[in-house]
Amino acid sequence: MYTIIHGIPVMADPALPREEINALISDLIQTWTWEGRQLGKVELVSDGQLIHVCCYEKPSIQYFPLKSNKSEV
């Protein structure tokens, strides 16, 4: 099941209850924000009594102006 929760793309096992998915994502967002990171994507896979949580950080993109070389002009 693919969904977006609090702006985060989430791929979750359809066997997981929606309430549990929402609670996990809310906890992850809070933890990642506390650590100063941005959550980009989450995958939740149910494995019996365990849930495998794979988190991916949002890529950080920065732009820097090129220095013009006046000798080439």
Side-chain angles (χ1 to χ4, degrees):
M1 167 177 66
Y2 176 82
T3 186
I4 295 181
I5 301 174
H6 301 295
I8 307 296
V10 177
M11 181 65 78
D13 193 331
L16 295 171
R18 179 77 175 185
E19 298 80 26
E20 189 170 355
I21 294 170
N22 285 336
L24 282 169
I25 299 304
S26 294
D27 288 346
L28 286 171
I29 291 171
Q30 185 177 7
T31 301
W32 278 56
T33 301
W34 178 258
E35 294 173 356
R37 301 186 297 165
Q38 287 188 327
L39 192 57
K41 179 174 85 169
V42 178
E43 295 175 3
L44 303 172
V45 180
S46 179
D47 183 21
Q49 295 295 329
L50 300 174
I51 298 174
H52 297 273
V53 180
C54 300
C55 301
Y56 302 92
E57 192 164 7
K58 191 177 215 177
S60 175
I61 299 173
Q62 296 180 342
Y63 295 99
F64 296 98
L66 292 174
K67 295 180 181 178
S68 62
N69 190 351
K70 293 184 180 184
S71 65
E72 291 181 7
V73 176

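Just so it is clear, the values below take in all heavy atoms, side chains as well, and ignore hydrogens, waters and symmetry mates. We're numbering straight along the sequence, starting at 1.
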| note | Heavy-atom closest pair (P9 atom, G40 atom, distance to 0.1 Å) is CD-O, 3.1 Å
| field | Path from Y56 to I5 over hydrophobic side-chain contacts below 4.5 Å | value | no
| message | If I take atom SG from residue C54 and atom CE from residue M11, how far apart are they, to the nearest 0.5 angstrom? | response | 12.0 Å
| salt bridge (Lys or Arg N to Asp or Glu O under 4.0 Å) involving E43 - partner list, sequence neighbours excluded | K41
| task | Look at the side-chain heavy atoms of Ile, Leu, Val, Met, Phe, Trp and Tyr, link any pair under 4.5 Å apart, and say whether V53 and I25 land in one connected group. | result | yes
| So how far is it from I8 CD1 to L39 CG, rounded to the nearest 0.5 Å? | 4.5 Å
| task | Going by the side chain to side chain contact (heavy atoms under 4.5 Å, CB included) test, name the single residue among L24, V45, I21 that passes it with L16. | result | I21
| task | Check whether any side-chain heavy atom of L44 sits under 4.5 Å from a side-chain heavy atom of E20, and report yes or no. | result | no
| task | Determine whether more than 12 heavy atoms belonging to other residues, nucleotides or ligands lie under 6.0 Å from atom CD of E57. | result | yes
